Engineer: 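Below is one structure. I have some questions about it.
Because the structure is predicted, anything quoted here is derived from the model rather than measured.
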Amino acid sequence: MYYSIYATDHADSLDARNRGRPAHLARLNELLEQGRLLVSGPNPRIDSAEPGAAGFSGSVIIAEFDSLEEAQAWAEADPYFAAGAYARVEVKPFNKVLP
């Protein structure tokens with residue numbers, strides 16, 4: 001089943017994101033290679049695809065896991081969490097309808 005992972009950043013999280021980014025992307029690429037990643041990306045703090053120093057307010061990941069518990073454990077092990085970028089993470093079941 002798919003699960004949506006919504007992470008909210010701490011204020012001024014850009015440095016922490018930069019520290020955790022390589023490992024964060026490596027984990028996402030693993031999901032992609034396994035055919036389990038539906039979509040992922042950050043939420044810019046401002047209305048711009050390139051927010052620069054404004055940074056990001058959070059991230060959204062929708063991926064396939066065997067259970068809610070597995071999805072939660074995966075989310076809590078995210079390198080952005082360890083680097084101090086994420087303040088909290090919410091995981092919920094997700095039903096893909098379209099496309």
Engineer: Check whether Ile61 and Leu32 end up in the same hydrophobic cluster, where Ile, Leu, Val, Met, Phe, Trp and Tyr are linked by side-chain heavy atoms less than 4.5 Å apart.
Structural biologist: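 Same cluster: Ile61 reaches Leu32 through Ile, Leu, Val, Met, Phe, Trp or Tyr contacts under 4.5 Å.
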Engineer: I'd like to know if Tyr6 and Tyr3 are part of one continuous hydrophobic network [Ile/Leu/Val/Met/Phe/Trp/Tyr, side-chain heavy atoms within less than 4.5 Å].
Structural biologist: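 The answer is no; the residues belong to distinct hydrophobic clusters.
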Engineer: Measure the shortest side-chain to side-chain distance between Trp74 and Leu31 over non-hydrogen atoms and say whether it is less than 4.5 angstrom.
Structural biologist: yes
Engineer: At their closest point, which heavy atom of Pro42 faces which heavy atom of Pro44, and how far apart are they?
Structural biologist: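 That would be O-CD, 3.4 Å.
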Engineer: Does any part of the side chain of Glu76, heavy atoms only, come nearer than 4.5 Å to the side chain of Val89, both counted from C-beta?
Structural biologist: no
Engineer: Check the hydrophobic clustering (I, L, V, M, F, W, Y; side-chain heavy atoms under 4.5 Å; chains of links allowed) and say if Val60 and Leu38 are grouped together.
Structural biologist: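 Yes; Leu38 is reachable from Val60 via cluster members.
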Engineer: Kindly give the heavy-atom pair with the smallest separation between Gly84 and His10, and that separation in Å.
Structural biologist: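 Here Gly84 and His10 meet closest at O-CD2, 3.1 Å.
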Engineer: For Arg21, does the CZ atom have more than 12 heavy-atom neighbours from other residues, nucleotides or ligands under 6.0 Å away?
Structural biologist: no
Engineer: How about Gln72 and Ile5: do any of their side-chain heavy atoms sit closer than 4.5 Å?
Structural biologist: no
Engineer: How close do Phe65 and Ala71 get, heavy atom to heavy atom, and via which atoms?
Structural biologist: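 For Phe65 and Ala71, the tightest heavy-atom pair comes out as CD1-CB, 3.6 Å.
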Engineer: For Lys92, does the NZ atom sit with more than 12 other heavy atoms under 6.0 Å from it, leaving out its own atoms?
Structural biologist: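 Counting other residues, nucleotides and ligands, NZ of Lys92 stays at 12 neighbours or fewer.
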Engineer: If you compare all heavy atoms of Gly20 against all heavy atoms of Pro79, which two are closest, and at what distance to 0.1 Å?
Structural biologist: O-CB, 3.8 Å
Engineer: Say you draw a straight line from OH of Tyr86 to CZ of Arg17; how long is it, rounded to the nearest 0.5 Å?
Structural biologist: 5.5 Å
Engineer: Quick one: do the Tyr80 and Ser13 side chains pair a donor with an acceptor below 3.5 Å?
Structural biologist: no
Engineer: Does Phe56 reach the side chain of Asn43, with side-chain heavy atoms less than 4.5 Å apart?
Structural biologist: no
Engineer: One pair to check against side chain to side chain contact (heavy atoms under 4.5 Å, CB included): Leu37 and Glu30. What are the steps and the verdict?
Structural biologist: CA-CA 9 Å; Leu37 183 64; Glu30 284 180 22; over 6 Å; no
Engineer: Quick check: closest heavy atoms across Arg45 and Ala54, and the distance to 0.1 Å?
Structural biologist: CD-O, 3.1 Å
Engineer: Which atoms form the tightest heavy-atom contact between Arg36 and Tyr2, and what is the distance?
Structural biologist: O-CE2, 4.0 Å
Engineer: Using a cut-off of 6.0 Å, state whether more than 12 heavy atoms not belonging to Gln34 lie near its atom CD.
Structural biologist: yes
Engineer: Just checking, any donor-acceptor pair under 3.5 angstrom between side chains of Ser40 and Arg27?
Structural biologist: no
Engineer: Would you indicate whether the side-chain heavy atoms of Glu64 and Phe94 approach each other to under 4.5 Å?
Structural biologist: no
Engineer: Can you check whether Leu14 reaches Asp9 side chain to side chain, under 4.5 Å on heavy atoms?
Structural biologist: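 A side-chain contact is absent here, since even the closest heavy-atom pair is not under 4.5 Å.
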